[in-house]
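Computation of the quantities below employed the complete heavy-atom set of this structure, encompassing side-chain atoms and omitting hydrogens, waters and symmetry-equivalent molecules. Just so you know, these numbers come straight off a predicted model, no measurement behind them. Letters go in sequence order (proteins before strands), and every chain restarts at 1.
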2 protein chains.
Amino acid sequence: MIQPRPRTIPEATVARLAVYLRVLTSLADGGRTTVSSGELASAAGVNPAGLRKDLSHLGSCGVRGVGYDVRALRERIARVLGAERSRACVLVGIGNLGAALADYAGFGSRGFHFVGLFDASPARVGQSIGGLTVQSMAELEATVTATDASIGVIATPADVAQQVCDRLTGAGVRSILNFAPVTLVAPAGVDVRPVDLSVELQVLAFLGQQRAVPAEEVTA
Amino acid sequence: MIQPRPRTIPEATVARLAVYLRVLTSLADGGRTTVSSGELASAAGVNPAGLRKDLSHLGSCGVRGVGYDVRALRERIARVLGAERSRACVLVGIGNLGAALADYAGFGSRGFHFVGLFDASPARVGQSIGGLTVQSMAELEATVTATDASIGVIATPADVAQQVCDRLTGAGVRSILNFAPVTLVAPAGVDVRPVDLSVELQVLAFLGQQRAVPAEEVTA
DNA sequence: AACTGTGAACTTCTTCACAGCC
DNA sequence: GGCTGTGAAGAAGTTCACAGTT
């Protein structure tokens with residue numbers, strides 16, 4: 001049992017590894033067997049040197065003068081990211097966004113599957129989405145326990161997100177992806193990752209206006 | 001016309017300013033008139049010193065010993081982010097995710113409004129979502145031109161995202177938010193911001209497993 | 001000849017510590 | 001006393017350049 005690498009991969013690298021995994025899967029499906037860092041970087045939208053540095057964190061398996069074996073590299077990244085075994089997730093809040101997430105094929109192919117969908121509205125409960133039936137909120141804890149789900153996705157309105165977070169963590173969920181536009185507090189040992197679609201749009205718009213008006217006055 | 005500040009705000013700061021804006025609006029709605037950096041930072045999930053540094057980029061308007069005026073600070077951030085005037089966006093791909101985005105109230109309250117929804121499926125065209133009627137793809141360029149939309153949101157399947165991107169940029173769109181799991185290439189002067197929901201989940205899951213198994217072997 | 005792997009320089013971001021002001 | 005604004009220190013991430021390998 002040797003320790004092959006100092007087991008710390010920078011978070012920025014992890015995010016890009018997920019992108020490389022997607023690109024490599026696409027390349028493999030297209031029949032490609034080898035790929036160079038330049039091609040892969042271009043397809044992933046990153047710098048080639050940065051890509052090689054990213055891969056070096058997992059004790060890289062490229063061949064100098066040739067490139068990377070597509071399938072071997074994909075397997076290696078999938079193993080590091082833990083995308084080999086599919087992980088159980090529960091989703092709370094089956095509004096428009098929640099329904100979209102429940103039905104999103106991308107999760108299934110990337111190592112995640114939903115084992116429970118929950119909504120507070122009686123009108124939603126009983127509906128079938130993506131092969132699952134929406135359950136009432138009363139069943140949340142029991143389902144989390146029974147399925148041993150470790151990941152929770154919150155797509156509820158902002159005003160109930162914190163109490164949903166409390167119930168999820170209370171039931172044993174250790175990681176939460178939060179789409180509600182509110183900052184959640186969770187016990188130590190629980191990761192909360194916020195995804196705010198409005199923030200993405202605002203950053204995009206700001207960069208655009210900064211480019212368009214490089215030296216404009218802001219004082220009224 | 002003096003130049004009050006070197007007009008370069010770090011991108012990381014811009015993203016947080018959008019969060020502060022959200023929190024300040026919530027505070028103002030709750031009747032709060034002043035707030036300290038500590039409180040605001042806690043509500044936004046960031047470090048207080050970092051928040052003050054962020055605000056210093058816009059020639060801060062806090063009062064030492066007291067804090068920040070909630071309404072004044074909100075106005076100031078909104079002006080810098082350009083969130084005062086509402087910007088026209090078009091949305092292409094009205095599947096589950098697209099429909100969710102079209103109906104998402106969060107955009108309207110943050111300085112964005114959709115002026116066009118487009119889908120390739122005849123079954124979708126003519127449907128009404130969030131006050132707009134879904135148009136056919138043939139009408140894309142004409143609508144972008146007529147409305148002078150500068151922001152495009154792509155929520156199509158991956159295999160058509162690039163050609164949608166080409167058409168949007170060809171019609172004059174300068175900023176693109178891309179939800180399709182594919183890397184887009186766009187002409188110089190056009191910003192593309194990818195949002196990959198699977199990547200977010202994968203990063204979250206990795207951090208969780210890294211915490212759970214700090215020194216596990218990866219070699220098979 | 002081609003391409004990987006990586007130390008080193010560089011840039012960006014974060015955190016600290018404290019002076020300055022109310 | 002309490003809180004802001006900011007220079008300085010530190011950490012993290014990115015890019016470069018080139019040695020090393022096939």
> Partners of A:Phe206 by ring-ring contact (aromatic ring centres under 6.0 Å, His included), sequence neighbours excluded?
Replying inline: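 Result, ring-ring contact (aromatic ring centres under 6.0 Å, His included) vs A:Phe206: none returned.
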>> Which heavy atom of B:Arg74 sits nearest to which heavy atom of B:Ala28, and what is that distance?
In response: NH1-CB, 3.8 Å
Whole Å only: how far is the [atom1] atom of [X] from the [atom2] atom of [N]?
X: B:Leu55; N: D:dT6; atom1: CG; atom2: C1'; answer: 13 Å
X: B:His57; N: D:dG7; atom1: NE2; atom2: P; answer: 11 Å
X: A:Asp69; N: D:dT22; atom1: CG; atom2: C1'; answer: 15 Å
X: B:Leu58; N: D:dT6; atom1: CG; atom2: P; answer: 11 Å
X: B:Leu73; N: D:dG5; atom1: CG; atom2: C1'; answer: 14 Å
X: B:Asp54; N: D:dG5; atom1: CG; atom2: P; answer: 12 Å

> Using a cut-off of less than 4.0 Å, is there contact between a side-chain N or O of A:Tyr68 and OP1 or OP2 of C:dG5?
Replying inline: yes
> Within less than 4.0 Å of OP1 or OP2 of C:dC3, is there a side-chain N or O belonging to A:Ser37?
Replying inline: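 It does not, given that no N or O in the side chain of A:Ser37 lies less than 4.0 Å from OP1 or OP2 of C:dC3.
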> Can you list the residues that meet the side-chain hydrogen bond (donor to acceptor under 3.5 Å, both in side chains) rule with B:Asp69, with sequence neighbours excluded?
Replying inline: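 Partners of B:Asp69 by the side-chain hydrogen bond (donor to acceptor under 3.5 Å, both in side chains) criterion come out as none, since no residue qualifies.
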>> My understanding is that only residues two or more places apart in sequence, or in another chain, count here; which of them pass side-chain hydrogen bond (donor to acceptor under 3.5 Å, both in side chains) with A:Arg32?
In response: A:Glu39
> Does a side-chain N-to-carboxylate-O contact under 4.0 Å join A:Arg211 and B:Asp191?
Replying inline: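 A salt bridge links A:Arg211 with B:Asp191.
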> Thinking salt bridges, do B:Arg193 and B:Glu11 make one under a 4.0 Å N-O criterion?
Replying inline: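 Judged by the 4.0 Å cut-off on N to carboxylate O distance, B:Arg193 and B:Glu11 do form a salt bridge.
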Where do N or O atoms of nucleotides 11-13 of chain C meet protein N or O atoms at under 3.5 Å, pair by pair?
none

Could you pull out all donor-acceptor pairs under 3.5 Å where a side-chain atom in residues 93-107 of chain A meets a protein atom, sequence neighbours excluded?
unit_1	atom_1	unit_2	atom_2	d
A:Asn96	ND2	B:Asp103	OD2	2.9
A:Asp103	OD2	B:Asn96	ND2	3.0

> So, does B:Arg87 use its side chain to make a donor-acceptor pair with the main chain of B:Gly82 at under 3.5 Å?
Replying inline: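 A pair under 3.5 Å: yes.
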> Does A:Glu200 reach the main-chain N or O of A:Val195 with its side chain, forming a donor-acceptor pair under 3.5 Å?
Replying inline: no
> When you check every protein heavy atom under 4.0 Å of nucleotides 15-22 of chain C, what one-letter string (B, S, -) results, 5' to 3'?
Replying inline: BBB-BBBS
